[in-house]
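Worksheet: the structure to be examined is printed underneath.
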Amino acid sequence: MQENDHSVIRAVLAGDKEAYGALVRAHSATVFRVAFRIVGNEADAEEIVQEAFLRGYQRLESFEQRSTFGTWIYRIAVNCALNRINQPGIEAEYRPGEESDPEEKTVQVATKDADPERSLLSREISAAQETAMRRLTPTEKTAFVLRHHEDRSMTEIADALGVAPNAAKQAVFRAVQKLRRELAPLRGIA
Amino acid sequence: MKHLSEEELIELYYGEAAHPVSAHLEACRECTAQYVELKQSLDAMRPAAAPQPSAQYGERVWKALKPQLIPYEKKARGWRGWSQWRAATLALGCAMLLAAAFVGGRYWERHTAKQDNAAGNRNPQTVQPTVLVVLTDHLDRTERLLVALEHADSSDHVENAQLQSEARELLASNRLYRATASRSGDPALTGALDRLEGVLAEIANNPNLTAEDLERVRKEMNTQGILFEIRVLKTRKADEGNAPNHSGGASI
């Protein structure tokens, strides 16, 4: 795949614009997923996918063949998403997974029974998580999403955010500490 | 027995802890209990379930994107089009040009050094590298920003906006200085610039900078400590700049 991506990039740089379509088709789903997890809504995530691939095309000459196109475009997308939630007046949404993922409901709720009381509790927990995520700064939120949900290493997070690895690590620590503080009252009832 | 910090427990959760941390956890019940609690909290933070894009999603993105792309210009003549002797001539020409530039540069350097010596180095400013002045300027600006942060009137939105704008400008240059200091093997400067970068990123990337945010940055990131470090570094840089034979340290 990597060698294939590199040959596609050479073709694009040689003037074959159509070849870029293969890269878009191969990587758009991954880019969409990370964009959605950071901004929290589908419309913004789709715009970020477009923006990331457009920027990627415009900067293709600066792409270094040492890295993979997938990692490179992922970094651009994270950057676009971070810029988006950094804009004044735009607030990222955060939707905990249990609403649309029935399998994961069992993780947050101790019983599998569709007990109305449990269901209400589960919704309260989701709402509390959403509020807690909103209180993080854009950098903390993005670092946390990349570490916790996307399982990216601290080095990758640092690269994506354009900061030193230690700064990325501190952003993740602060995010976890804040989230635990915010969600402390719910401990024991979930 | 020294217990594990929350940061170490978080590192352990994400599989990035050093071996002694895991070993301690096996032996310490208190830390094990804390780790179990942390694990439960973090396990409960499930990822937002992203909608699964359809199989045609990539195609849809490409169709929307395609009209916006301007094809890269084809190179009029690639390397393969050159005959070997022309390429060799060009390479030889480049090599001669480089050699001439090198020899000329060495000659010019010696010539100007002689003139400086003849003048008795009356103007030390000419000896001090301009780049050092640039770094000192950066440290000056960051010092001013940190002082402003320490004394910021939290309710003054205009002042906060100015603080944020300055932080954004400094963040970009700080990254360059940090990377260069790291390459030059200057751990004190790298460490200070690294910590400073965290503060600048926090201020610059916050869309709604409030009084609470500033207070939090001041407390959590120990801005007073960083300010002290910057002042020490400035003094060090000034000493390096005034030294008669400036040769050591990071050349930024």
Side-chain angles (χ1 to χ4, degrees), chain A residues 12-17 20-21 24-26 28-29 32-33 36-37 40 42 49-50 53-54 57 60-61 82 85-90 94-101 104 107-108 125 129 137-139 147-149 154 162-164 166-167 170-174 176-177 179-180 183 187 190, chain B residues 6-7 9-11 13-14 16 37-38 40-53 55 57-66 68-75 78 171-172 175 178-179 182 190-191 193-195 197-202 204-208 213 216 220-221:
Chain A
V12 176
L13 292 175
D16 182 3
K17 177 176 110 170
Y20 194 64
V24 174
R25 282 182 216 103
S28 52
F32 174 80
R33 190 197 61 225
F36 180 84
R37 283 181 171 167
E42 213 171 328
V49 174
Q50 292 277 340
F53 279 106
L54 181 61
Y57 184 85
L60 206 56
E61 280 176 310
L82 183 60
I85 60 172
N86 254 329
Q87 282 170 17
I90 291 182
Y94 176 79
R95 295 187 191 130
E98 111 286 358
E99 288 285 329
S100 51
D101 192 345
E104 287 175 354
V107 177
Q108 294 193 6
I125 292 170
Q129 284 184 5
T137 65
T139 309
R147 179 60 274 203
H148 193 71
H149 299 330
M154 290 299 183
V163 297
N166 196 39
Q170 290 304 321
V172 174
F173 288 160
R174 282 197 306 279
V176 172
Q177 283 165 348
L179 290 170
R180 289 190 73 205
L183 299 172
R187 242 176 260 154
Chain B
E6 190 179 7
E7 292 184 357
L9 292 173
I10 295 169
E11 278 186 321
Y13 177 82
Y14 288 122
E16 290 168 352
E37 194 190 302
L38 172 92
Q40 280 171 350
S41 313
L42 286 172
D43 283 350
M45 294 294 294
R46 309 302 303 170
Q52 197 61 40
Y57 179 66
E59 191 58 43
R60 197 154 54 82
V61 174
W62 171 237
K63 275 189 180 155
L65 188 69
K66 201 170 138 185
Q68 302 174 58
L69 307 181
I70 301 159
Y72 281 89
E73 279 180 27
K74 280 182 188 164
K75 303 252 183 320
L171 183 59
R175 276 179 195 144
R178 194 236 320 137
S182 171
T190 310
L193 292 176
D194 189 19
R195 283 182 283 283
E197 193 169 306
V199 175
L200 294 174
E202 272 305 308
N205 293 333
N206 196 328
N208 304 307
D213 292 327
R216 184 180 52 74
E220 289 182 8
M221 307 190 85

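Every chain is numbered from 1 and lettered A, B, ... according to where its sequence line falls, protein lines coming before strand lines. If you're wondering where the values come from, they're calculated on a predicted model, not measured in any experiment.
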Is chain A contacted by the side chain of [X], its backbone, both, or neither, given a heavy-atom distance below 4.5 Å?
X      : result
B:E6   : side chain
B:P53  : side chain
B:E202 : side chain
B:I70  : backbone

Donor-acceptor pair, [X] side chain versus [Y] backbone, under 3.5 Å?
X      : Y      : value
A:Y57  : B:L69  : no
A:H148 : B:M45  : yes
A:R180 : B:S41  : no
B:E197 : A:A167 : no

Winner by heavy-atom pair count (cut-off under 4.5 Å) against chain B, out of [options]:
options                       : value
A:L82, A:V24, A:L60           : A:V24
A:F173, A:Y20, A:F53          : A:F173
A:R33, A:R147, A:Q177, A:M154 : A:R147

### Query
Would you call A:V49 and B:Y57 a side-chain contact if the rule is heavy atoms closer than 4.5 Å?
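In contact.
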
### Query
Less than 4.5 Å apart, any side-chain heavy atom of A:V176 and any of B:L42?
yes

### Max heavy-atom pair count under 4.5 Å with chain A, selected residue of B:A179, B:A201, B:A64
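Between B:A179, B:A201, B:A64, the count favours B:A64.
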
### Task
Flag the one option from B:Q68, B:K66, B:R60 with the top tally of heavy-atom pairs under 4.5 Å to chain A.
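Among the listed options, the one with the most contacts to chain A is B:K66.
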
### Message
A quick test of your reading: do over 12 heavy atoms of other residues, nucleotides or ligands sit less than 6.0 Å from NZ of A:K17?
### Response
yes

### Query
Side chain, backbone, both or neither: which part of A:Q170 has an atom under 4.5 Å from a heavy atom of chain B?
side chain

### Which portion of A:V172 sits near chain B, non-hydrogen atoms under 4.5 angstrom
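Contact with chain B involves the side chain of A:V172 alone.
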
### Task
Test side chain to side chain contact (heavy atoms under 4.5 Å, CB included) on B:V61 and A:R25 and set out the steps.
CA-CA 8 Å; B:V61 174; A:R25 282 182 216 103; over 6 Å; no

